[in-house]
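Before any comments, here is the structure.
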Amino acid sequence: MYPAPFDYHRPDDIADALALLDSHGDDARILAGGFSLIPAMKLRMMQPAHLIDIGGIDILKGVRIENDALSIGAMTTHWEIESSPLVAEWFPALAQAAGVIADAQVRNCGTIGGSLAYSDPSADYPALILALNARLVTISLHGGNVIDAMNWQQGLLTTALEPGEILIDIRFPKPPARTGSAYIKIPHPASRFAVIGVAVSVTLGEDGKARDLRIGVTGTSTTACRALAMEQALEGHNLTRDAVEAASHLADEGIEFNDDQLLSAGDRAYLCRTTAREAVLAAWARARNKASA
Amino acid sequence: MIGENVRRKEDARFLTGRGRYVEDIQFPGMLYLGFVRSPHAHANIRQVDPSAARAIPGVVDVFWAGSLPEFDETLPAIFGTASTGPSYVDQLELPPHPVFQKHITYVGEQVAVVVAESPYAAADGVEAVKVDYEVLPALTDWAQAMAPDAPRIHPEFSNRAAHLAHSYGDVDAAMSEAEMVIERRYETSSLKSVAIEGRGVAARWDGNSGSMEIWSTTQMHYAVRDRLSQVLKIAPDNVRVIARDIGGGFGLKGAFYPEDIVAPVLARHLNRPVRWTETRIEHMLSSNHSGRQTHDVKVAFERDGRIRALDLVLYKEIGAYCHFEMMLASNTINHLPTHYRIPALRVEGWGILTNTPTASPYRGAGRQEASFTMDRILDAIARETGLDPLEVRRRNLVRRADMPYRSGLIYRDGVPVCYDHLDFERLLETTVEKGDYAGWRKRQAEWRAQGRRIGIGIGSYVEAGGIGPCEGASVAIQANGRIAVKIGVNSQGQSHETTLAQICAKALGADYTEIDVLGGDTKMLRTGFGTGASRVAVNTGNAVHLASLSVRKKLVTMAAILLKCEEGDIKIESGAVYARDNPQKIMRFGEMALACSRHPAMASHGGPDLEATEFFYPPTVVWSSGVNLAVVELDADSGRVDILKYLFVHDSGEPLHPQVVEGQLSGGFAQGFGAAMGERVAYAADGQPLSASLLDYYVPRATDIPDVEYIHFAFPTPDNPLGIKAVGESGPNAPPATLASAINDALGNDIEITELPVRWNHIVGVLRNAPASRINAGGMS
């Protein structure tokens with residue numbers, strides 16, 4: 001598997017990367033961890049004339065607290081996220097998700113920014129940024145943007161990233177006390193991408209009821225989405241198993257699912273309902289554990 | 001020595017990354033091949049335009065149909081495994097298979113070849129070749145291809161390429177007399193072997209001697225040599241085929257492919273070495289697959305579960321070309337009864353052309369389909385009669401008292417199938433006892449009440465291995481004491497260097513560490529028949545044994561002369577000969593070899609070397625057998641299958657190396673597990689592959705494989721001097737039947753699983769429609 005010819009650039013800082021991106025325009029692609037782009041190039045499905053490797057830009061790496069948010073640099077690897085004590089404390093769902101991406105080799109090189117920018121419809125992170133209400137920070141020669149997670153994925157393999165922009169940072173707002181999160185993934189038997197992945201964040205209110213329940217679902221068709229009907233049915237309620245079970249029948253409402261030889265759309269809707277039920281219950285259990293801690 | 005877990009001789013180079021594979025072969029001035037492959041399943045090539053490709057720096061040239069006369073040569077009609085006796089086939093019309101042609105019959109078929117100075121330039125060139133196609137309608141389903149008005153895949157040939165028939169007993173009478181008759185259709189999907197190393201070939205022409213050197217991933221280096229000598233019009237001895245370290249074969253590499261001709265033809269034409277290495281996508285598109293097989297059965301049986309008769313019509317999709325006659329179908333038929341008595345049988349089989357690559361043997365080669373069909377039939381009888389599936393099996397078992405048992409089938413070597421020196425009762429009852437069948441049935445009922453879905457399945461297999469005609473071995477003691485064992489087969493990971501050295505060490509009285517087993521090179525031994533069909537241990541193993549005994553005989557004769565004592569007083573041990581009553585009279589093997597080389601007495605022992613070559617001709621195949629038991633639990637939320645217990649009970653005769661035997665079984669189990677749980681080569685109606693990458697084609701990972709408990713039996717056999725049986729294809733046969741049975745048992749009577757792999761959507765379909773159990777399954781919160 002041999003890619004078409006390309007020029008390789010490895011800038012030391014963001015300014016150089018942006019200048020390269022600006023001068024090469026559509027002929028250039030940003031190279032992050034390389035675990036999506038390089039295979040696509042080897043298959044010659046993508047043939048960029050210029051690769052701009054941002055792996056040498058240290059400022060894009062790492063997990064840190066900035067103001068009231070957890071800032072994860074775009075070049076932070078899945079393993080760094082999976083193993084970060086900060087992530088484990090604030091967003092166990094995110095650590096869970098990073099830990100079930102592909103295999104150890106991919107997790108050691110693949111990055112959160114690369115994954116979100118590639119925007120595979122079955123990737124895990126898109127469900128997480130929805131459930132955790134993340135903001136995606138981009139930069140270009142003309143300034144930058146902060147993009148709400150709800151607006152990030154625009155269609156199949158398409159994001160809100162504009163030409164000339166680089167995704168540099170993903171910001172997850174600090175969760176209120178007594179907040180729990182969970183991610184449950186049903187992997188594709190061959191690719192191990194998500195057939196269904198559900199990320200949930202929920203806060204246990206003072207009154208013992210669910211607040212700010214967000215359910216992100218990935219793997220459905222072209223983009224991840226929120227299970228809004230189920231969220232609304234449970235918001236402000238005590239999340240007993242019976243209540244969640246009843247509301248889980250709304251988990252697939254308004255969501256379009258793939259339909260293929262592996263599973264019908266109806267099968268996938270069923271998996272969405274059962275997974276959403278278990279993910280909500282798991283997040284709720286974590287929220288209650290925090291309350292009793 | 002035999003039967004011990006000695007340290008494997010292969011391990012040092014494999015574990016330290018010093019294996020030598022085709023892609024490691026680097027000759028000065030080497031060129032690289034890239035193939036332009038058809039994106040259409042059925043098409044005529046109107047025109048090939050190589051001009052843009054030829055303009056790319058590094059591209060040397062482009063060739064396609066008609067470029068060279070050798071490209072009109074055809075692949076051998078039947079490759080490697082032609083039947084030597086009746087295989088039930090009464091009709092066989094094989095379309096010729098030219099190396100390059102203008103009529104394309106599957107996606108991925110070679111259209112043109114680009115030769116370049118680097119693999120990168122070759123790939124650039126491939127992309128730049130422009131091909132104009134006239135697209136024709138494709139057929140990917142046997143039922144469509146068999147239709148009387150179906151378009152022809154090859155204009156001169158019927159899509160119904162082959163037919164077979166066989167019967168014994170009075171099937172019609174049994175069908176009309178029996179208390180119950182059922183009909184079923186069992187489907188088994190096509191599989192791809194997906195070895196870690198793909199195919200590859202490197203070729204170097206020597207104009208000085210007029211000879212060709214080939215490095216190949218083939219399992220059949222002699223058959224490759226013989227066909228290439230015909231294409232190149234040079235003597236077979238002027239073609240040297242080396243198949244050294246190979247990263248897995250599994251039957252796919254036992255076939256012959258167009259690239260095997262293209263590389264040497266171009267190496268001679270351009271007078272430069274060339275190499276081609278398959279990519280994974282090429283492997284998925286162009287390499288052979290096992291071919292989907294459909295089994296329409298009609299079974300007559302009594303209310304007590306006893307089978308009276310079986311009528312089978314088998315449909316085999318053989319792809320766009322047929323190189324294996326009806327071998328796969330006849331293997332299925334000959335392994336179909338497994339451990340059970342079928343008093344009357346009628347079979348009919350069709351080999352049907354489709355617009356896909358050729359179907360060829362994949363480890364097991366029809367046996368997996370046989371076990372699946374037979375065990376599904378037994379489970380269906382249990383379902384219809386209300387009997388426990390175990391009881392149905394007990395009532396139909398071929399018992400020790402019935403042996404030697406001649407079923408009425410005829411193996412493809414022409415010899416009637418005969419079960420002897422086997423003990424199916426013991427295998428089954430051991431499985432039931434060690435697998436705690438009764439205990440699991442009890443737990444199944446208890447847990448069911450809690451909403452847990454447990455299922456228990458039993459599957460059985462037989463494996464006819466060691467088919468002839470023969471294999472040879474040449475054993476020689478060298479002047480430094482090392483012993484060369486030259487063999488006519490090669491290894492794709494089977495540990496020949498270890499197990500065959502064990503045989504030699506024991507028969508010759510040699511030190512195991514002094515023995516080098518040398519194979520995979522047509523210059524080692526003049527004749528061999530290839531690695532496949534579980535035949536090396538039986539054929540080559542016994543040849544090594546016989547050749548070692550012959551050398552031993554020479555040693556004894558010469559030692560008596562050299563040590564001045566009676567032959568009866570000579571002892572051989574650990575690489576030395578000595579006189580029984582005088583340990584001072586001792587000579588190491590190396591000293592013996594030196595002393596013999598100029599000794600006139602060797603004139604009557606075949607020449608100066610302590611060497612012997614022997615061939616072993618097995619009278620027919622030898623039968624191995626086993627029973628598997630699985631206990632599974634289904635996750636009600638996802639349909640995931642968890643294996644709670646897996647037991648593999650088997651008889652493979654006397655083990656040469658117990659760890660190697662268990663390695664064969666556990667690798668085979670993983671293969672069968674994949675076939676049960678998701679492996680499936682699928683094509684859309686227009687011939688486009690739906691499983692062209694490992695993103696779509698399931699291959700189990702190591703972490704998917706459950707713990708398997710093995711129970712080893714070694715029922716003695718007089719079938720060959722070593723008393724050994726085959727094991728290479730024992731592993732994969734029963735797991736699909738066993739797992740399908742267990743999953744079906746867990747799902748209950750709402751569904752009858754009749755298809756491999758077991759489909760996730762079928763499991764989820766049952767779970768979706770059983771909401772009560774789903775709520776219960778969640779347990780208490």
Side-chain angles (χ1 to χ4, degrees), chain A residues 1-6 36 39-45 47 102-104 120 122 184-193 195-196 198 239-246 248-249 259-282 284-285 288, chain B residues 32 34 56-58 116 118-124 126-128 277-282 635-641 674 677-680 682 684 690-704 757 759-765 767-769 771 774-775 777-781:
Chain A
M1 313 264 269
Y2 297 94
F6 60 89
S36 300
M41 289 171 64
K42 283 181 159 185
L43 293 172
R44 298 192 175 224
M45 287 157 52
Q47 304 192 1
D103 51 41
D120 190 289
S122 299
I184 297 180
K185 169 184 186 170
I186 298 182
H188 187 286
S191 70
R192 309 291 158 118
F193 276 95
V195 164
I196 289 290
V198 179
L239 301 191
T240 63
R241 174 163 277 275
D242 284 348
V244 176
E245 166 75 39
S248 72
H249 295 288
D259 191 310
D260 58 26
Q261 298 200 26
L262 185 68
L263 291 168
S264 69
D267 296 333
R268 285 181 156 87
Y270 171 78
L271 298 182
C272 177
R273 295 194 294 269
T274 60
T275 309
R277 181 191 70 210
E278 294 306 312
V280 167
L281 287 169
W284 183 246
R288 292 186 6 164
Chain B
Y32 301 85
I56 288 173
S118 76
Y120 283 91
D124 293 344
V126 165
E127 211 184 359
T277 312
E278 183 183 63
T279 65
R280 185 59 61 189
I281 291 282
E282 284 180 303
D635 178 62
D637 284 347
S638 64
R640 190 184 65 239
V641 178
M677 306 303 286
E679 289 198 45
R680 178 168 178 254
L690 300 172
S691 47
S693 85
L694 298 182
L695 289 172
D696 299 303
Y697 186 84
Y698 171 70
V699 179
R701 304 335 196 238
T703 50
D704 296 349
R759 307 291 282 273
W760 191 10
N761 57 351
H762 292 171
I763 296 173
V764 172
L767 298 173
R768 275 172 65 191
N769 294 316
R774 181 161 62 86
I775 290 167
M780 300 296 121
S781 65

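Just so we're on the same page: letters track the sequence lines, and every chain starts at 1. No hydrogens, no waters, no symmetry mates; every other heavy atom, side chains included, goes into these values.
Heavy atoms closer than 4.5 Å to chain A are found in both the backbone and the side chain of B:Tyr120. Of the atoms belonging to B:Glu127, it is side-chain heavy atoms, and not backbone ones, that fall under 4.5 Å from chain A. Using a 4.5 Å cut-off between heavy atoms, A:Leu43 contacts chain B through its side chain alone, with no backbone atom that close. Residue contact with chain A, scored on non-hydrogen atoms closer than 4.5 Å, involves the side chain of B:Ala682 exclusively. With a 4.5 Å cut-off on non-hydrogen atoms, A:Pro39 does not touch chain B at all.
Counting heavy-atom pairs under 4.5 Å between each of B:Arg680, B:Glu282, B:Glu679 and chain A puts B:Arg680 at the top. If you tally non-hydrogen atom pairs under 4.5 Å between each of A:Arg192, A:Gln261, A:Met1 and chain B, the highest count goes to A:Arg192. Of the listed residues (A:Pro5, A:Ala4, A:Gly266), the greatest number of heavy-atom pairs within a distance under 4.5 Å of chain B belongs to A:Gly266. In terms of heavy-atom pairs under 4.5 Å with chain A, the best-connected choice from B:Pro119, B:Ser638, B:Gly678 is B:Pro119.
The backbone N or O of A:Ala265 lies less than 3.5 Å from a partner atom in the side chain of A:Asp259, making a donor-acceptor pair.
Between A:Arg273 and A:Glu245 there is no salt bridge, since no side-chain nitrogen of the basic residue lies less than 4.0 Å from a carboxylate oxygen of the acidic one. Looking at B:Asp637 and A:Arg277, a side-chain N of the basic residue comes within less than 4.0 Å of a carboxylate O on the acidic one, giving a salt bridge. Using a 4.0 Å cut-off between charged nitrogen and carboxylate oxygen, B:Asp124 and A:Arg44 count as a salt-bridge pair.
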Legend entry - Stepwise side-chain contact (heavy atoms from CB on, under 4.5 Å) test for A:Ser122 and A:Val195: CA-CA 7 Å; A:Ser122 299; A:Val195 164; over 6 Å; no
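Scored by the side-chain contact (heavy atoms from CB on, under 4.5 Å) test, B:Val764 finds A:Leu263, A:Asp267, A:Tyr270, A:Leu271, B:Trp760, B:Arg768 as partners (sequence neighbours excluded).
Using a 4.5 Å cut-off on side-chain heavy atoms (C-beta onward), A:Met41 and A:Phe6 make contact.
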